[in-house]
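Lettering of chains follows the sequences in order, A, B, ..., and the numbering in each one begins at 1. Being a predicted model, the structure only gives us computed values, none of them experimental.
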Number of protein chains: 6
Amino acid sequence: VLGSPRFENEIALRTGLAGVATGLAWTPVGGDILFIEASRVPGKGRLTLTGQLGEVMRESAQAALTLVKARATGLGIDPELFETSDIHIHVPAGATPKDGPSAGTAIFAALASLLLDRRLRSDTAMTGEISLRGLVLPVGGIREKVVAAAGAGITQVLLPERNRPDLEDIPETARRQLGFVWLKTVDDVLAHALEPRPETHPVVVG
Amino acid sequence: VLGSPRFENEIALRTGLAGVATGLAWTPVGGDILFIEASRVPGKGRLTLTGQLGEVMRESAQAALTLVKARATGLGIDPELFETSDIHIHVPAGATPKDGPSAGTAIFAALASLLLDRRLRSDTAMTGEISLRGLVLPVGGIREKVVAAAGAGITQVLLPERNRPDLEDIPETARRQLGFVWLKTVDDVLAHALEPRPETHPVVVG
Amino acid sequence: VLGSPRFENEIALRTGLAGVATGLAWTPVGGDILFIEASRVPGKGRLTLTGQLGEVMRESAQAALTLVKARATGLGIDPELFETSDIHIHVPAGATPKDGPSAGTAIFAALASLLLDRRLRSDTAMTGEISLRGLVLPVGGIREKVVAAAGAGITQVLLPERNRPDLEDIPETARRQLGFVWLKTVDDVLAHALEPRPETHPVVVG
Amino acid sequence: VLGSPRFENEIALRTGLAGVATGLAWTPVGGDILFIEASRVPGKGRLTLTGQLGEVMRESAQAALTLVKARATGLGIDPELFETSDIHIHVPAGATPKDGPSAGTAIFAALASLLLDRRLRSDTAMTGEISLRGLVLPVGGIREKVVAAAGAGITQVLLPERNRPDLEDIPETARRQLGFVWLKTVDDVLAHALEPRPETHPVVVG
Amino acid sequence: VLGSPRFENEIALRTGLAGVATGLAWTPVGGDILFIEASRVPGKGRLTLTGQLGEVMRESAQAALTLVKARATGLGIDPELFETSDIHIHVPAGATPKDGPSAGTAIFAALASLLLDRRLRSDTAMTGEISLRGLVLPVGGIREKVVAAAGAGITQVLLPERNRPDLEDIPETARRQLGFVWLKTVDDVLAHALEPRPETHPVVVG
Amino acid sequence: VLGSPRFENEIALRTGLAGVATGLAWTPVGGDILFIEASRVPGKGRLTLTGQLGEVMRESAQAALTLVKARATGLGIDPELFETSDIHIHVPAGATPKDGPSAGTAIFAALASLLLDRRLRSDTAMTGEISLRGLVLPVGGIREKVVAAAGAGITQVLLPERNRPDLEDIPETARRQLGFVWLKTVDDVLAHALEPRPETHPVVVG
Ligand SMILES: [Ca+2]
Ligand SMILES: [Ca+2]
Ligand SMILES: [Ca+2]
Ligand SMILES: [Ca+2]
Ligand SMILES: [Ca+2]
Ligand SMILES: [Ca+2]
Ligand SMILES: [Ca+2]
Ligand SMILES: [Ca+2]
Ligand SMILES: [Ca+2]
Ligand SMILES: [Ca+2]
Ligand SMILES: [Ca+2]
Ligand SMILES: [Ca+2]
């Protein structure tokens with residue numbers, strides 16, 4: 001399956017760097033978690049997509065990048081970064097074909113995390129299509145995805161507001177373990193998925 | 001179906017930013033509304049098209065962009081914008097294949113709205129092929145599209161003048177709810193689809 | 001069929017701007033007229049072709065552009081224009097596949113009209129393959145094309161000199177309505193298809 | 001068939017400009033003559049190939065261009081031309097697929113003629129593959145090609161030296177009409193195919 | 001099979017230059033060793049991949065390059081190198097199709113070796129997928145690969161930590177011959193695969 | 001077959017310029033010799049490959065070029081040449097598809113000969129795959145290739161060291177005619193295939 005971690009503490013390992021988001025996938029044999037890895041190297045503004053991503057998922061990554069670029073100033077990202085960097089998005093496992101629009105929120109989160117240099121929470125997974133203007137659109141497979149998240153030790157899931165009716169299909173055990181955030185916009189994603197900044201203690205000069 | 005909103009107030013939400021037009025689509029199971037989203041980021045004049053758009057629809061987007069560029073000065077758009085921006089057009093839902101020339105007027109409207117930074121009316125939907133010189137050409141599926149517009153709470157539809165004979169096929173209920181604008185050129189689109197500018201109250205210095 | 005106008009006065013409407021030529025097409029159900037639309041926007045010398053044009057027709061457009069470029073000075077076109085413009089050729093209806101070399105004269109005429117900023121006559125339609133050095137080569141379907149031109153209200157048709165033997169196949173009614181120009185070179189096309197320049201009245205200063 | 005002229009004086013018309021060579025083609029229904037048209041416009045060194053040329057013929061054109069470039073100085077061609085021009089090679093009839101390496105000598109001759117601005121003889125046709133270093137290699141279909149040349153009024157044919165054994169297959173009538181030049185290198189092509197330069201009469205100042 | 005050496009001392013020959021890593025491959029007829037060759041020439045930052053590499057393996061090479069670029073400073077590689085070089089990765093035998101993600105660690109090692117200009121150990125072979133952020137992910141075929149390594153005279157194999165459970169499947173004879181290194185990150189690869197730097201003897205000036 | 005010369009003295013003709021190597025090919029109907037032609041024209045570092053070369057052979061040419069670039073200084077080639085030239089490799093006969101990695105040594109030899117401006121020996125033919133770091137790897141069809149070389153008047157063949165066991169399959173007649181050089185690296189190729197430099201007689205000034 002899609003790069004499923006064998007040990008729960010692996011999620012912390014996988015998301016230990018800024019630029020890695022935990023997504024949720026639907027597969028014919030059940031839900032799974034997957035990691036969206038984004039990396040930035042000096043370059044000329046190119047976008048590289050690897051991990052056997054299908055056409056819809058590639059378009060989703062392009063939309064996520066446009067969204068981050070269009071909101072750069074608001075997010076606190078230096079717009080110059082995009083001209084002087086190449087961005088690479090990879091989704092292990094490398095040999096497993098993946099497709100669909102539902103990783104949009106996770107790709108957006110990975111890119112924002114990378115460019116803000118702020119890690120994403122390792123207890124949090126997400127699914128949701130994004131619109132080009134930043135709305136979160138509903139996706140399928142909510143039940144299977146949420147069950148997989150719970151099984152992998154996740155404690156917070158970010159789901160599209162418009163999938164709220166799917167809550168009733170989620171088994172009680174998973175609902176007890178998990179906190180649910182219902183997403184209207186990609187701003188909601190960052191509000192709940194980025195690790196809190198370390199507190200800055202004011203220095204008092206006496 | 002094509003990104004159909006589940007709630008009527010969603011159209012306002014979807015079109016709340018400049019650069020989003022409400023189009024009308026024909027599908028084998030009836031008409032539908034769809035949102036054309038255009039976004040602009042710093043760049044070098046590239047055009048990105050996503051949303052599983054077929055070849056005819058991609059060509060239609062290219063024609064709409066040429067049309068906006070050729071009329072930039074007349075529309076009040078700074079021609080420099082095109083050289084220093086990348087433009088991205090996306091049509092949710094990301095996984096749904098879409099094709100055909102009939103979104104031409106909506107793509108033109110989305111681009112003009114984006115570049116004028118003026119929102120489009122959320123009560124208005126449109127269909128129509130465009131010629132490269134700005135004429136609006138007739139399209140099929142008028143009946144289904146108009147019924148879908150009415151069902152989604154739209155109150156004004158913009159249709160090609162040359163589709164006027166199709167008016168008689170539209171059910172009475174839809175005709176009562178809707179105002180019809182018959183389009184000869186893309187200028188007619190903007191005249192009826194752009195939100196009015198906020199009035200500027202003259203400041204009187206006494 | 002190929003963007004057939006429903007009303008005769010539509011040809012005037014369609015060709016009301018410089019850059020639009022009226023061509024003649026053969027289809028399995030008879031001849032038709034079609035409009036070649038050319039547009040120019042600030043750019044870097046790119047050529048965009050839309051309207052579901054097949055490979056032969058795309059090559060024909062490339063040849064027409066080379067021909068206009070090679071003759072720019074002779075035609076009175078500023079050669080700098082090609083470096084600082086992108087040119088877009090579109091042939092409505094956008095969803096109808098089109099192919100074949102016989103639109104060569106019309107594409108040449110549309111490009112020359114665009115770059116000279118002189119309109120083409122709305123009473124004139126044309127067919128003919130072009131060679132890269134400016135000769136007009138014979139094409140098929142003359143009878144069907146000429147009948148369609150007559151039916152659309154055209155009064156002058158431009159045909160390849162080497163198709164003159166096909167004249168005898170044209171019905172008497174069409175022959176009475178139409179003037180025929182037999183083309184040897186693309187210079188003959190412009191001589192008969194461009195609208196006359198408005199007369200300049202000499203200003204006499206007394 | 002391949003752009004066959006209907007009248008013998010057409011060859012003079014077709015080759016009336018520098019940059020047009022008369023080639024010989026083999027088709028399933030017999031030989032034919034075809035015209036290789038080369039044109040040069042201000043540009044950046046691009047090569048455009050049109051006329052429904054197959055992969056082998058396209059490679060042949062690339063080899064011919066490399067050959068002309070590599071010999072530019074020797075031929076008297078300004079090497080700067082290649083950087084500041086785009087070259088377009090077209091082979092009418094535009095809708096007829098063509099392929100094979102045997103037009104190599106004719107493509108070379110068209111390019112050299114174009115860049116030297118010297119016309120090729122209208123009484124001369126040629127066939128022969130070229131090597132990248134300028135040798136002429138043998139081709140098939142000599143009998144059919146030569147008969148077609150004779151039928152079109154050609155009086156001199158240029159054939160690969162290594163096809164000399166095919167001479168015996170050529171009918172007596174064609175052999176009486178034609179002069180044969182047997183080619184070892186592309187220099188032999190130019191020696192026999194370029195029109196003689198006009199004599200320059202010395203001006204005697206008394 | 002995949003470029004299998006016929007003599008054991010060939011591995012030393014093949015890896016005698018910086019930039020060549022010894023990988024392990026699974027084939028339907030058993031494991032095999034293969035050489036990943038990386039070369040750098042003056043250029044503009046292009047990546048060339050040859051050796052009939054499938055899509056997954058090509059993506060794996062792109063990820064390895066991003067990883068080396070992102071860690072350049074930490075590894076002691078001048079980041080300027082990437083802009084002024086073209087990098088070529090080739091995997092003999094040239095005619096044998098290869099695919100899969102498991103050469104990730106070996107491609108990373110070859111690139112780091114090349115750019116550090118430090119040779120890789122000729123007694124060491126490796127297998128393992130890489131994540132874009134530098135983790136080593138598990139792969140299949142461990143038993144066959146390790147048996148092949150032993151048969152080729154390798155004495156140290158680098159395997160993903162997460163493949164440790166596969167150790168029990170490896171035959172006793174191979175386990176006796178080989179040292180095993182279990183990889184968590186690509187740093188572990190370099191720590192065990194790079195040849196030790198030659199000792200620098202301090203120069204004592206008396 | 002693959003451009004087989006009809007006369008033995010043709011090899012001297014074909015290889016009479018620097019940049020042409022004599023390779024050996026295996027075909028279903030026996031071995032054959034083929035000529036690798038390399039040419040250099042002013043340009044920007046592009047590589048053009050023609051002669052209906054398959055994917056493996058194209059990759060082989062890319063590896064040969066990287067190898068020449070990486071060794072330029074050692075070979076005495078000005079590295080600036082690569083930036084200011086386009087290189088074209090062609091393998092007649094233009095219509096014959098060719099593939100496989102075994103022309104690697106001959107492509108390397110042609111490129112080195114071209115860039116050193118030193119001819120290759122016309123009595124010498126070669127086969128052998130190359131690694132990206134300059135090793136010569138074994139190939140198939142040695143018996144057929146060597147017999148063809150002998151039949152074409154070749155007197156020296158360069159074969160991969162690792163094909164030495166195939167010597168016993170070569171017929172006695174061919175072995176008597178031919179000298180065999182067994183190649184370990186591409187340096188061995190140049191040592192035996194380049195024509196000796198003309199002796200420079202010291203000029204004694206008395
Ligand atoms: Ca794929
Ligand atoms: Ca999905
Ligand atoms: Ca698609
Ligand atoms: Ca439609
Ligand atoms: Ca198409
Ligand atoms: Ca036609
Ligand atoms: Ca074709
Ligand atoms: Ca041929
Ligand atoms: Ca392949
Ligand atoms: Ca594997
Ligand atoms: Ca091919
Ligand atoms: Ca071979």
Taking the side chain as every heavy atom from C-beta outward, state whether [X] and [Y] have any pair of such atoms under 4.5 Å apart.
X     : Y      : answer
F:L47 : F:L49  : yes
E:I11 : E:D123 : no
F:T22 : F:T15  : yes

Which residue out of F:E59, F:Q62, F:E83 racks up the most heavy-atom pairs below 4.5 Å with chain E?
->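 Top count of heavy-atom pairs under 4.5 Å with chain E: F:E59.
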Heavy-atom pairs under 4.5 Å with chain E are the metric here; pick the option from F:R133, F:M57, F:K184 that has the most.
->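 Heavy-atom pair counts peak at F:R133.
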Please flag which part of [X] lies under 4.5 Å from any non-hydrogen atom of chain E: side chain, backbone, both or neither.
X      : value
F:E129 : side chain
F:S131 : both
F:I130 : backbone
F:L135 : side chain

Nearest 0.5 Å please: distance from the CG atom of E:D169 over to the CD1 atom of E:I142.
->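 The CG atom of E:D169 sits 10.0 Å away from the CD1 atom of E:I142.
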Between E:S85 and E:R40, do the side chains contain an N or O donor and an N or O acceptor separated by less than 3.5 Å?
->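 Judged by distance alone, the side chains do pair up.
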Check whether [X] gets within reach of chain F through its side chain, its backbone, both or neither, counting any heavy atom under 4.5 Å.
X     : value
E:L13 : both
E:I36 : neither
E:S39 : both

Quick one: do E:D99 and E:R58 make a salt bridge, cutoff under 4.0 Å?
->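 Answer for the salt bridge query: no.
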Contact leader toward chain F among E:H90, E:H88, E:K44, where contacts are heavy-atom pairs under 4.5 Å |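 Option with the top pair count is E:H88.
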If you look at every heavy atom in E:A61 and E:I89, which pair is closest and at what distance?
->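 Minimum heavy-atom separation between E:A61 and E:I89: CB-CD1, 4.2 Å.
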